[in-house]
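Lettering follows sequence order; numbering is per chain, from 1.
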Amino acid sequence: MLPCRVNFLSACDPAPSAGALLSTISRGPFMATTLTGPVRVRFPPSPTGFLHVGGARTAITNDLLRHSLGGSLILRIEDTDRQRSDPAMTAQIQSALAWLGIEPDEGPFLQSARVDEHRAAAQKLLDEGKAYHCFRTAEEIDEKRQDAHKRGVTSFYRAAFPPPPADEVERRVAAGESYAVRFRMPMGDMTFSDLVRGEVTFVEDVLDDFIILRSDGSPTYHLSVVCDDIYGGVTHVIRGEDHISNVPKHIGLFQALGAEVPTFGHLPMIMGPGRKRLSKRTGAASVEEFRDQGILPQALYNYLALLGWSPGDDREVMSRQEMIDAFTVERLVPSAAAFDYDKLRWMNAQYLSGEPLAEVLDHLAPFLAEVGLADADRDRLGAAVDLHRTRAYNLKELAAYAVPYFIDTLEYDPDLCKKFFKQPDLPAQVDQLIEGFRTVETFDIEGVEAVIRNLATDLDVKAGVLIHPTRMALSASKAGPSLFDLVAAMGREASVRHLGNFVRYLRDNPPPQEEAATT
RNA sequence: GCCCUCAUCGUCUAGCCAGGUUAGGACACCAGCCUUUCAAGCUGGCGACACGGGUUCGAAUCCCGUUGAGGGUACCA
C-alpha cells in the first residue's frame, strides 16, 4: 500500500504556473499564510429556499476576501436539482445579497445552462478511461452497502464492483441498457491545505469511485461544480464545512479534467443557541427574516463577519471598509460558533444610533408604512427618529416610537396613569401648560423648557410634576427622550392637541377606586 | 459503525504557530455614576483554558489519549 500513496501537494502541483494567483498555504492552525490576489471566488447557492445565515456568512467571507485582495465574485445558482429548485428563490437570494450590500461582479449564472458542457466533460473522462460505465442498479449497490453495514464495515464501490470490460460495455450500451457514469477515483491518499484548517488528509481507504452522470444522463453536483469552477476560473473555493469531505472528489475531478486545483477554505457551521441546529424554531435563520424584524443590513453583515472571524484587535463595530482592510484568511476561526441573537440586537442598536440619520430613515421606510406613516413629513420624522434611535433595538421599535408624533389621538393606559389620577390639581395645571405652549413665541427646546419651568415656579411645584404627565400626554409612555426635546420635536400643534386630549382623558376617567380593602 | 473537523467565561472571541500574562476584549447579567423618566454613555463586578496523561524549571500554548460537539458517509446539493 505504501508505495502507491500519493501526496497531492507534492505529486500534483509541479510548477507554480499561475504566478500571482499561487498562494503558499501551510496553516496548522497558526502557521502563516500568504495569499495574494487577484482572486476569483464564487458564491453558489441552491435556489431551494431563502438565504440562510450560514450561506450569508459564506457570501460575506467571499466578499471580504475578494475586496481585500482584489478580484471578482461570481454568483452561480446551483439549480441542477430541478425538483427542489424554484426560480423565484433565485430572485429572492439575489435581493437578499443586494440588501446585504454584496454585489457579485459576474452572474447570476444558472448551473443548468451548462449541462451540455458537464455531459461533455463526463464523456471526455469516459474516453480517457478516467471514468467508466456503471450498470449496477441502485438496489444492487444498496444491498451490498446494507450488508457491509451489518458487518460493521463500510462498503466501497470500487472494491465491490470492478469496472466492466470494454466489450461488455459496448454490448450492453448497444443493447440499450441504462447506465450511470462513475468517476475513477485516483488511488492514494489525498492531502490538501485548507485555508482555515490547515492540512487535511483523507486516506485512500475511504476514497471511492462516485457517480458523475446519472442514468438519466444528468450530471451530479460534483461534476457540475468542478466544471463550472474551472469554467469560471475560480481560484479560491470558500464554502461551508459541510463540503469538506467532498474535497477529494473535487480534487480528483479537477486533476482529471486537466485543470489547476483551486485553494479551498471551509468555514465552520453556524450553530443555533444551545448548539442546536439553527432553524426557524430557534429564532430567525434567514436573511429576510432579520430584514423583516428590522435589522439593518450593515449590522447583520458586521455581526456575521465577526461570527468566525476577528480583526485581531478589539474592534467589533466596524465599517465595511475597515473589515476589508483587516481581513485575512488566517484570522478565520476554525471552530463552529453559536448564533447569539442578543449580540446581533446590540450590534443593530449600535448601527441604529451610529449611522447617518438619512441612512436610518431610508431603511425605516417600510416599517413606517406598516404603522401607517408612509408619507409622514420627513423633517419632523427625522427629528423624532433622531430622538429615539438610541432607545430602539430594531427598525420596528423605532417606527413605533414615531407614531405619537403623527397620530391624532393616543390611547392612554390607565395603569400607567395611576399616579396622575391621584393629583386632583393636574387637569387645571395642564390647562395652564397648554396655554403656555400656545402662546410661547418660539416653540423650540429652550422655549418649551422655559414654559414648563416658569409654570412650575408659578405653581410652586417641582418641574417633574409637569414633566411626567406631559411625557405621558405626548407619548402615552412613562419613558423616553428628554421631555423638552420630545415636545420640541412634536411641535406646537401636536403637543397642544395631545395635551388637550390628555386633560379630557383625566377628567373623563374618575380616579380608580381605593386600594382593595384586603390591605 | 467508519471518515473528517472542532474544543478558552453562558455566548462571540484575543492569546497558541515562535511555552513564562493578575488569561485580554465584546454581548448578556449585576452594581454605581450621569439624569425630569427610559435608554445611551462612563466606571466597576461576575465569569473560562473540557478531562486525563506526558514533555518541560515552567503548558491555555507542544505531544498522546479520553470525552463531548458538528459535518460527511447518496444516481441530494
Colleague: What is the distance from CG of Asp242(A) to P of rU5(B), rounded to the nearest Å?
Modeller: 16 Å
Colleague: Counting the atoms with a prime plus P, OP1 and OP2 as sugar-phosphate, which does Asn246(A) contact under 4.0 Å by heavy atoms, base, sugar-phosphate, or nothing?
Modeller: base
Colleague: How long is the line joining CG of Asn302(A) and C1' of rA26(B), in whole Å?
Modeller: 12 Å
Colleague: Kindly say whether the aromatic ring centers of His498(A) and Tyr405(A) come within a distance under 6.0 Å.
Modeller: no
Colleague: Less than 5.5 Å between centroids and less than 30° between ring planes, does His243(A) satisfy that with rG71(B)?
Modeller: no
Colleague: Students often get this wrong, so: under 4.0 angstrom with heavy atoms, is His266(A) touching a base, only sugar-phosphate, or nothing?
Modeller: nothing
Colleague: Using the benzene-type ring in the case of Trp, are the ring centres of Tyr341(A) and Tyr393(A) under 6.0 Å apart?
Modeller: no
Colleague: By the 4.0 Å heavy-atom rule, please label Arg389(A) as base, sugar-phosphate, or nothing.
Modeller: nothing
Colleague: Have a look at Arg239(A) and say if it touches a base, only the backbone sugar-phosphate, or nothing, with a 4.0 Å heavy-atom cut-off.
Modeller: nothing
Colleague: Side-chain N or O of Arg345(A) less than 4.0 angstrom from OP1 or OP2 on rA26(B)?
Modeller: no
Colleague: What's the gap between rA50(B) and rA59(B) when it is taken at their C1' atoms, as a whole Å value?
Modeller: 16 Å
Colleague: For atom CG of Asp313(A), decide whether the heavy atoms of other residues, nucleotides or ligands shown that lie under 6.0 angstrom number more than 12.
Modeller: yes
Colleague: Tell me whether Lys124(A) at atom NZ has more than 12 heavy atoms from other residues, nucleotides or ligands lying less than 6.0 Å away.
Modeller: yes
Colleague: Among rA14(B), rC6(B), rA77(B), which nucleotide sits nearest the side chain of Glu78(A)?
Modeller: rA77(B)
Colleague: Across all strands, who's sitting opposite rG68(B) as a Watson-Crick or G-U wobble pair, both distances under 3.5 Å?
Modeller: rC6(B)
Colleague: Does CD belonging to Glu143(A) count more than 12 external heavy atoms closer than 6.0 Å?
Modeller: no
Colleague: Would you please classify the geometry between the Phe192(A) ring and the Phe202(A) ring as parallel, tilted or perpendicular, with 30° and 60° separating the classes?
Modeller: parallel
Colleague: Give one of base, sugar-phosphate or nothing for Gly308(A), where a contact means two heavy atoms less than 4.0 Å apart.
Modeller: sugar-phosphate
Colleague: Compute whether any side-chain donor of one residue and acceptor of the other, for Tyr303(A) and Asp340(A), lie under 3.5 angstrom apart.
Modeller: no
Colleague: Let me spell it out: for each of Phe156(A) and Pro44(A), pick the nucleotide of RNA chain B with the closest heavy atom. Which residue's pick is nearer the 5' end?
Modeller: Phe156(A)
Colleague: Taking OP1 and OP2 of rC12(B), is either one under 4.0 Å from a side-chain nitrogen or oxygen of Arg275(A)?
Modeller: yes
Colleague: Can a side chain N or O of Ser245(A) be found less than 4.0 Å away from OP1 or OP2 on rC3(B)?
Modeller: no
Colleague: Look at all strands and tell whether Leu307(A) reaches a base, only sugar-phosphate, or nothing, counting heavy atoms closer than 4.0 Å.
Modeller: sugar-phosphate
Colleague: How would nucleotides 35-44 of chain B be written as a contact map, 5' to 3', with B for base contact, S for sugar-phosphate-only contact and - for no contact, using protein heavy atoms under 4.0 Å?
Modeller: -BBBBSS---
Colleague: Between Arg114(A) and Tyr231(A), is NZ or CZ placed under 6.0 angstrom from the six-membered ring centre and within 45° of the ring axis?
Modeller: yes
Colleague: Heavy-atom count around Arg277(A) CZ within 6.0 Å, excluding the residue itself: above 12?
Modeller: no
Colleague: Which is true for Ala463(A) with a 4.0 Å heavy-atom rule: it touches a base, it touches only sugar-phosphate, or it touches nothing?
Modeller: nothing
Colleague: Decide whether His266(A) and Asp242(A) meet the rule of one side-chain donor and one side-chain acceptor closer than 3.5 Å.
Modeller: no
Colleague: With a non-hydrogen cut-off below 4.0 angstrom, is Asp340(A) in contact with a base, only sugar-phosphate, or nothing?
Modeller: base
Colleague: Could you check Thr220(A) against Met271(A) and say which one's nearest nucleotide on RNA chain B is further toward the 5' end?
Modeller: Met271(A)
Colleague: Does Arg214(A) put a side-chain nitrogen or oxygen below 4.0 Å from OP1 or OP2 of rA74(B)?
Modeller: no
Colleague: Using the P atom as the point on both nucleotides, what is the distance between rC64(B) and rA18(B), in whole Å?
Modeller: 15 Å
Colleague: Kindly state which residues belonging to residues 110-119 of chain A come within less than 4.0 angstrom of RNA chain B, counting heavy atoms of the residue only, listed by number.
Modeller: none
